[in-house]
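Below is one structure, written out as structure tokens, with a few remarks after it.
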Amino acid sequence: MATENLLEVRNLKKHFTVANDFFGRPTATLKAVDDVSFSIAPGETLGLVGESGCGKSTTGRTIIGLYKPTGGEVLFNGKPLSTLAANNAACREIQMIFQDPYASLNPRMTVGDIVGEPLDIHGLAQGEARTKRVQELLSLVGLNAEHANRFPHEFSGGQRQRVGIARALAVNPKLIICDEPISALDVSIQAQVVNLLEKLQRELGLTYLFIAHDLAMVKYISRRVAVMYLGKIVELAETDELYSKPRHPYTQALLSAIPIPDPEVEATRERIRLEGDVPNPINPPSGCYFRTRCQYATEKCAKEQPELKELDGHAVACHMVAESNEA
Ligand code: SF4
């Protein structure tokens with residue numbers, strides 16, 4: 001059956017048992033991803049943002065199958081990924097780019113072998129065809145044929161990330177999960193990698209889930225943005241809407257921390273300071289997980305967990321926003 005969305009994540013959960021009793025029964029659970037739902041249309045980029053430890057990378061890794069989900073399902077082109085065999089063509093169509101380009105590349109392999117490895121594993125090209133395809137992939141990411149004989153340590157961070165991108169492209173994916181692909185790079189190189197990802201998206205019709213904590217860069221590349229806090233999505237909207245009219249108090253605080261490149265405006269603007277630390281995810285607060293840091297928290301916030309409710313394409317999980325929508 002034809003489907004509008006390339007990826008649909010429904011009520012995804014990934015819980016880790018972090019302590020057991022004498023009999024091996026779990027006594028403490030970390031709910032890294034807790035009932036997360038979103039979809040991505042073909043050719044779209046969805047940004048997934050939040051502070052470190054909010055569960056955004058675990059969400060990406062659970063979608064691609066690096067972690068077994070505790071609950072929920074992931075549909076790719078309308079089919080549940082869990083029912084597809086690992087060598088199924090649909091599984092190849094989802095690839096991942098990792099945060100640390102050096103750690104994700106085998107230092108003992110040449111770049112040609114790193115980029116060619118997926119071709120070998122899936123039997124997609126051999127001999128001369130393989131060499132030609134590797135050269136094609138390297139040129140696609142702005143490297144040249146001669147780079148194929150070098151080792152990862154001979155490259156800069158930005159070039160290594162290009163190698164990681166070429167490896168992901170080797171199997172002609174439709175969806176790429178970009179897990180903080182620019183966080184480990186120098187600021188001057190970050191824009192180059194983001195521009196490359198945009199160029200590839202235009203040329204190859206790629207769809208991205210772009211995971212990052214840099215809100216300015218996410219704004220630049222994403223059509224829609226989802227904000228995560230302690231394993232849950234608290235706000236999801238079109239990029240322009242979310243950045244101009246953030247409704248969740250957490251999103252408002254995150255956005256108010258982005259520096260404005262105008263010294264006069266920067267000196268006078270009001271910044272929302274978050275009180276306290278991020279709560280322990282093993283023992284989150286009752287009700288709304290954000291209530292211990294929220295200046296608007298009420299008694300209801302301590303008792304009831306707010307649902308993610310959508311109004312005109314702008315979804316927010318907050319009692320205060322829900323009440324103002326109903327008023
Ligand atoms: Fe703040 Fe309550 Fe909204 Fe949570 S539900 S963000 S505590 S107002």
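Along the sequence shown, residues carry numbers from 1. Both ligands and their constituent atoms are indexed starting at 1 by order of listing. Predicted, not measured: the structure shown is a model, and the values here were computed from it. Side-chain atoms are counted along with the backbone in the values below, which use heavy atoms only and exclude waters and symmetry mates.
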Taking Lys303 first and then Glu299, would you say they form a salt bridge - that is, a charged N and a carboxylate O separated by under 4.0 Å?
yes
With a 4.0 Å cut-off on N to O distance, would you call Asp120 and Arg130 a salt bridge?
yes
Ionic contact status for Glu323 with Lys300, cut-off 4.0 Å
yes
Are Glu241 and Arg224 within salt-bridge range, i.e. N to O under 4.0 Å?
no
For the aromatic rings, using the six-membered ring if either is Trp, is the centroid distance between His319 and Tyr296 under 6.0 Å?
no
Are the charged groups of Lys199 and Glu203 less than 4.0 angstrom apart, N to O?
yes
Protein-side N, O or S atoms sitting under 2.8 Å from atom 1 (Fe) of ligand 1 are Cys294 SG
